[in-house]
Amino acid sequence: MKFYITTPLYYVNAEPHIGHTYTTVAADCLARFYRMKEWDVFFLTGTDEHGQKIYEASQNEGLTPIELADRISEIFKNMWKKMNISYDRFIRTTERQHQEVVKRIFKILLEKGELYKGEYVGFYCIHCESYVDIEDKSKPICPDCKRPVSEISETSYFFRLSKYQTLLENIIKNSEIVKPEFRKNEVLNFVKSGLTDISITRKNVVWGIEAPINEKYTIYVWFDALLNYLSGIGYLYDEETFKKYWPADVQLIGKDIMRFHHIIWPALLLALDLPLPKKIFAHGWWISGKEKMSKSKGNVISPEYYINEYGVDPFRYFLLREIPFGMDGEFSEENFKKRYNSDLVNDFSNLLNRSLNLIEKKFDGYIPEGEIDERIFEMSDEIYKKYSERIENISFSESIEEIWKLVIFLNKYLDEKSPWKEKSYDVEKTMISIFYGIRNLLIFLNPFIPQTCEKVAEMIGLEKKEIEKFENFKIKYSGRIKIRKREIIFQRKK
Ligand code: MSP
């Protein structure tokens with residue numbers, strides 16, 4: 001089985017913020033989940049580097065656009081490294097190979113009659129890199145970001161989007177392409193309201209891929225950027241890889257870029273006679289101070305602070321646990337700390353401390369051998385089924401809730417058996433069962449908090465590879481296992 005997953009390509013006009021880390025961590029979690037099922041996974045992310053917005057940002061910083069793109073794409077890569085993002089490829093739209101693919105696709109579409117030359121008269125929002133409809137022409141403001149827009153009137157090549165209206169309607173209605181489900185109507189209504197052909201070349205934008213024709217045009221940045229999902233896995237130059245992974249299984253996006261992904265993108269694929277992605281899931285926004293975070297509003301929360309103050313894994317955990325994936329959520333330190341102290345410190349870290357302490361005291365650090373409480377395996381089985389179902393449905397928070405049933409069970413089990421008391425019985429059985437319960441937790445939590453799971457595995461005498469396959473949660477070891485050096489995994493924060 002294969003699993004191809006993508007994130008949007010992030011603009012290089014600004015450094016990564018929490019919104020970007022959100023989509024990327026979610027994609028990473030899915031990629032890790034399917035790798036643990038031993039599927040053949042391809043995880044693509046990268047940066048979107050052309051267009052007016054980047055050009056202007058570079059001018060403001062006194063750099064050339066490619067200098068800015070080199071600098072910011074490096075910062076994205078470093079951030080992903082810090083956050084243990086296991087992408088298979090980081091694509092940059094300024095790469096030669098990507099540019100070649102975009103030009104060839106332009107030519108193919110031109111030859112197929114999917115493009116035609118016309119005149120674009122209308123408004124353009126540089127911030128959204130989008131052609132926009134304006135209600136009040138005396139005050140031309142972007143309907144989405146509310147910034148002033150510019151008027152353009154120029155010859156251009158158009159893509160026949162309108163031609164796909166009925167086909168798209170049917171596809172959206174009858175497939176899983178628009179996710180979550182509650183977004184379907186919104187997209188359908190937009191399609192039904194009428195699609196107009198879109199201009200895919202610009203006359204006076206210098207920072208873009210040159211259109212492969214005898215006139216001077218650059219290619220519209222969204223046309224360029226969307227095609228990364230094809231060029232990133234070899235379309236038109238490595239057919240074997242492309243055939244192996246296309247169509248995409250899950251494409252993650254924020255709800256801000258649904259129209260590009262749920263309408264223009266499938267239409268382009270239809271025009272190219274390519275199969276459509278299985279799911280394009282739009283998640284909600286992190287809000288800060290009641291507004292969507294953005295550089296210009298000055299309410300951007302830096303991931304660095306949380307990573308340094310709490311650690312990478314608590315940050316990953318919070319992003320995926322706090323809010324159901326399709327919904328908006330307020331990002332605040334207060335909520336972060338609450339979640340951190342209750343789930344990671346009280347429930348998880350304390351379970352580890354108490355258990356390992358006992359094993360050290362009572363058994364000299366050796367995991368006792370003998371009978372295991374079968375409930376641990378029965379429960380793990382059931383949890384794994386539900387957890388898988390939920391994660392396959394892209395419900396991260398709900399899937400963690402499932403896993404947490406085991407954390408809660410183990411804590412309760414320990415309390416009930418009270419193996420620290422003088423007169424406790426079944427101490428061996430209790431502790432060996434707790435050990436296997438913890439082992440299974442590490443397997444289940446691995447896609448979410450991989451670094452922590454690896455560290456704890458090492459602490460309890462296991463190897464990394466033993467918690468890297470879901471299959472392994474059924475295994476019972478033979479031979480003595482000794483816990484290694486112990487440390488407190490998560491410290492309470494005041
Ligand atoms: N370059 C385009 C995408 C091209 S894809 C072919 C773009 N880039 S972006 O840098 O603006 O990043 C947009 C994505 O970042 C959103 O779709 C979303 O995935 C994520 N987020 C940015 N801000 C966000 C929040 N405040 N909250 C959650 N995620 C948001 O659009």
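Note that the numbering runs from 1 along the sequence shown for the chain. Numbering of ligands and ligand atoms starts at 1, following listing order.
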For this session: Tell me which protein heavy atom sits closest to atom 3 (C) of ligand 1, plus the residue, atom name and distance to 0.1 Å.
Result: L9 O, 3.2 Å
Exercise. Who gets closest to atom 26 (N) of ligand 1 by heavy atom: W285, W286, Y22?
Worked result: W286
For this session: For A225, counting its heavy atoms only, list the atoms of ligand 1 lying under 4.0 Å from any of them.
Result: 6 (C)
Problem set entry | Separation of C453 SG from L441 CG (nearest 0.5 Å) | 8.5 Å
For this session: Just let me know how W222 lines up against ligand 1, side chain, backbone, both or neither, with a heavy-atom cut-off below 4.0 Å.
Result: side chain
Exercise. Is the shortest N/O to N/O distance between H261 and ligand 1 below 3.5 Å?
Worked result: no
Exercise. With ring centroids as reference points, do F318 and F315 lie under 6.0 angstrom apart?
Worked result: no
Problem set entry | Protein contact to atom 8 (N) of ligand 1 [nearest heavy atom, distance to 0.1 Å] | Y11 CD1, 3.3 Å
Problem set entry | Closest approach of any protein heavy atom to atom 30 (C) of ligand 1, naming residue and atom | G19 CA, 3.7 Å
Problem set entry | Identity and distance of the protein heavy atom lying nearest atom 19 (O) of ligand 1 | T23 OG1, 2.7 Å
Problem set entry | Polar side chain donor-acceptor pair, E169 to Y164, under 3.5 angstrom | no
Exercise. Does I253 reach ligand 1 with a nitrogen or oxygen that is under 3.5 Å from one of the ligand's nitrogen or oxygen atoms?
Worked result: no
Problem set entry | Aromatic centroids of F325 and F281 separated by under 6.0 Å | yes
For this session: Please confirm whether Y157 and Y217 have ring centers closer than 6.0 angstrom.
Result: yes
Exercise. For the residue pair Y22 and W286, does the interplanar ring angle fall in the parallel (under 30°), tilted (30 to 60°) or perpendicular (over 60°) class?
Worked result: perpendicular
Problem set entry | E129-Y124 side chain donor-acceptor pair, cut-off 3.5 Å | yes
Exercise. Which protein heavy atom lies closest to atom 22 (C) of ligand 1, and at what distance to 0.1 Å?
Worked result: H17 CE1, 3.7 Å
Problem set entry | Contacting atoms of ligand 1, where contact means under 4.0 angstrom from a heavy atom of I257 | 17 (O), 31 (O)
Problem set entry | ligand 1-proximal atoms of H283, by part, heavy-atom distance under 4.0 Å | side chain
For this session: Number the atoms of ligand 1 from 1 as they appear, then name those within less than 4.0 Å of a heavy atom of D48, with their elements.
Result: 1 (N), 2 (C), 4 (C)
Exercise. Have Y34 and D249 got a donor and an acceptor in their side chains that come within less than 3.5 Å?
Worked result: no
For this session: Considering only non-hydrogen protein atoms, determine which one is nearest to atom 14 (C) of ligand 1 and report residue, atom name and distance to 0.1 Å.
Result: Y10 CE2, 4.0 Å
Problem set entry | Exercise: do W404 and D343 side chains pair donor with acceptor under 3.5 Å | no
For this session: Report yes or no: do Y305 and E333 form a side-chain donor-acceptor pair below 3.5 Å?
Result: yes
Problem set entry | Check: T24/Y10 side-chain N/O donor and acceptor closer than 3.5 Å | yes
Exercise. Where does D256 meet ligand 1, judged by heavy-atom distances below 4.0 Å: at the side chain, the backbone, both, or neither?
Worked result: side chain
For this session: State the atoms of ligand 1, each with its element, that fall below the 4.0 Å cut-off from a heavy-atom position in G284.
Result: 28 (C)
For this session: Decide whether the shortest distance between a heavy atom of Y229 and an atom of ligand 1 is less than 4.0 Å.
Result: yes
